[in-house]
Amino acid sequence: MTTQYNQLTLDRVQEGQPIPEFAYDVTATTVVLGAMASRDFRPMHHDKDFAVDRNGVQDIFLNTPNQAAWFERYLTDWTGPKGRLGRIQFRMKNSVFPGDTMTFKGQVEKVSTDAKGCGWADVSVNLSVGERTVTDCTARIALPTDATDNPWKRRGENWKP
Amino acid sequence: MADELPEDVQSWIGKECYHEEGEFPVEQGYIWTTCSSVENGNPIFWDEEVAEEITDGPIAMPTMISVWFRPHLWAPNRTKQAQPLQVHFDLKESLGLPEAVMTDNTIVFGEPVRPGDRLKTCQILHSVSGPKTTKLGTGRFWEIEVRYTNQNDELVGAEHYTGFGYKRGE
């Protein structure tokens, strides 16, 4: 049976609109699984002694590609499967360690349609642990302009992220 | 730390280098493992019918773009450990900066990446800063671009990294 899904369309999005908050309790397994899934074998993502002694931090920490995957998951949970990431930028200010609860909070910054008719939501996302901002992220994600549109069908000149 | 960059580092700036092919084709198992690692239930990755309807078949999570170029930690006849983002490690070595972290990352996504794709990549060093001191130590920031294309020479993505190589403070 085909999975049923909800799909956000561009007409239901406006500037300033919040993206539902998402929180997740991070464990050592979260960090190590994320590093191994992204084939990141560097020891600061699985070896606490190395992270403490060489990197000067308190524990192993989430690696960059896995943080990107968490941001993607957060955004497409909001948009539904036809949401297509065009661009993502993030600045890491701190790290996420085992024992942290990481919280994603986002907001729509801009809604637009480009010259090729592709609908876009520019969003900002803050990843924090308690009061500590870990990563600031901005992203540009394509949304269907109506129920019949699908950004994933865009190719070549029709896809300008 | 001297302000001036070593000649070898200066000569790398703006040049494409490390043209490489991925060591293995894009693999469905890694896609599921990565989705699982972030509990991503997006049906385009899990449901063939949805994938067919929306993305014309299975695709990888777009943010997995760098995964396909992280080399095996060990491989037969390899005498030196291969590193992803080799320019980053070349900079650490040439500048004598033993530690490094990534601070900024921008990814622009092109054609979807699909299981079975054979991807190619190249790296470009765009800039290296003068000496800077942060809470981690004293070192330099650098900007690296990594471009990814598929077997049809279509751009599937481009990543821009900012790294900070440093010596820890006393």
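In what follows, every chain begins at residue 1, and chains take the letters A, B, ... in the order their sequences are listed.
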With a 4.5 angstrom heavy-atom cut-off, is it the side chain or the backbone of B:I31 that approaches chain A, or both, or neither? neither
In terms of heavy-atom contacts, A:R87 and B:T106 come closest through NH1-CG2, 4.4 Å
Exercise: identify the closest heavy-atom pair between A:A68 and B:I107: CB-CD1, 4.4 Å
Gap between atom CZ of B:R70 and atom CG of A:D40 - 0.5 Å precision: 4.5 Å
Name the region of A:Y5, side chain, backbone, both or neither, that has any atom closer than 4.5 Å to a heavy atom of chain B. side chain
Exceeds 12 heavy-atom contacts within 6.0 angstrom, atom CD of B:E48: no
So, the part of B:E159 with a heavy atom under 4.5 Å from chain A: the answer is neither
Side-chain donor-acceptor pair under 3.5 Å between B:S37 and A:N66, yes or no? yes
Would you please name every residue forming a ring pair (Phe, Tyr, Trp, His ring centres under 6.0 Å) with A:W70, sequence neighbours left out? A:Y24
Quick check on B:K167: does its NZ atom have over 12 non-hydrogen neighbours (other residues, nucleotides or ligands) under 6.0 Å away? no
Heavy-atom cut-off 4.5 Å, strictly under: side chain, backbone, both or neither for B:F69 against chain A? neither
Given the rule that I, L, V, M, F, W and Y join up when any side-chain heavy atoms are under 4.5 Å apart, are B:L95 and B:L136 in one cluster? no
Taking non-hydrogen atoms and a cut-off under 4.5 angstrom, which of residues 27-37 of chain A neighbour chain B? A:L33, A:G34, A:M36, A:A37
Which of residues 131-161 of chain A get closer than 4.5 angstrom to chain B, counting heavy atoms alone? A:N150, A:W152, A:K153, A:R155, A:G156, A:W159, A:P161
Closest non-hydrogen atom pair, B:P98 against A:R54: O-NH2, 4.0 Å
Examine B:I124 and B:F89 and state if one hydrophobic cluster contains both, with Ile, Leu, Val, Met, Phe, Trp and Tyr joined whenever side-chain heavy atoms are less than 4.5 Å apart. no
Heavy-atom proximity to chain A below 4.5 Å, by part of B:S66: side chain
Tell me whether B:F141 shares a hydrophobic cluster with B:L5, the cluster being built from Ile, Leu, Val, Met, Phe, Trp, Tyr side chains joined at under 4.5 Å. no
Pull out the residues in residues 73-84 of chain A that come under 4.5 Å of chain B, heavy atom to heavy atom, sorted by number. A:R73, A:T76, A:P81, A:K82, A:R84
Pair B:T103-A:M92, side-chain contact (heavy atoms from CB on, under 4.5 Å): steps then yes or no: CA-CA 5 Å; B:T103 58; A:M92 289 164 285; 5.7 Å; no
Quick one: do B:W46 and B:I54 end up in the same hydrophobic cluster if we chain Ile, Leu, Val, Met, Phe, Trp and Tyr together by side-chain heavy atoms under 4.5 Å apart? yes
If you compare all heavy atoms of B:V67 against all heavy atoms of A:R39, which two are closest, and at what distance to 0.1 Å? O-CD, 3.5 Å
Heavy-atom pairs under 4.5 Å with chain A - which of B:N105, B:I44, B:T34, B:T55 has more of them than the others? B:N105
Using a 4.5 angstrom heavy-atom cutoff, name the option from B:E111, B:E154, B:H160 with the most pairs to chain A. B:E111
So which residue, B:D104, B:D56, B:N40, ends up with the most heavy-atom pairs under 4.5 Å with chain A? B:D104
Counting C-beta onward and ignoring hydrogens, is there a side-chain heavy-atom pair between A:P65 and B:M64 closer than 4.5 Å? no
From A:R42 atom CZ to B:L73 atom CG, the distance as rounded to the nearest 0.5 Å: 12.0 Å
All heavy atoms of A:N55 vs all of B:Y166, minimum pair found to be O-OH, 3.7 Å
Restricting to non-hydrogen atoms, name the atom on A:L85 and the atom on B:T63 that form the minimum distance, rounded to 0.1 Å. CD1-CG2, 4.0 Å
Answer yes or no: are there more than 12 heavy-atom neighbours, outside A:N6 itself, under 6.0 Å from its atom CG? no
Hydrophobic cluster identity match, B:L85 and B:V101, side-chain contacts under 4.5 Å: no
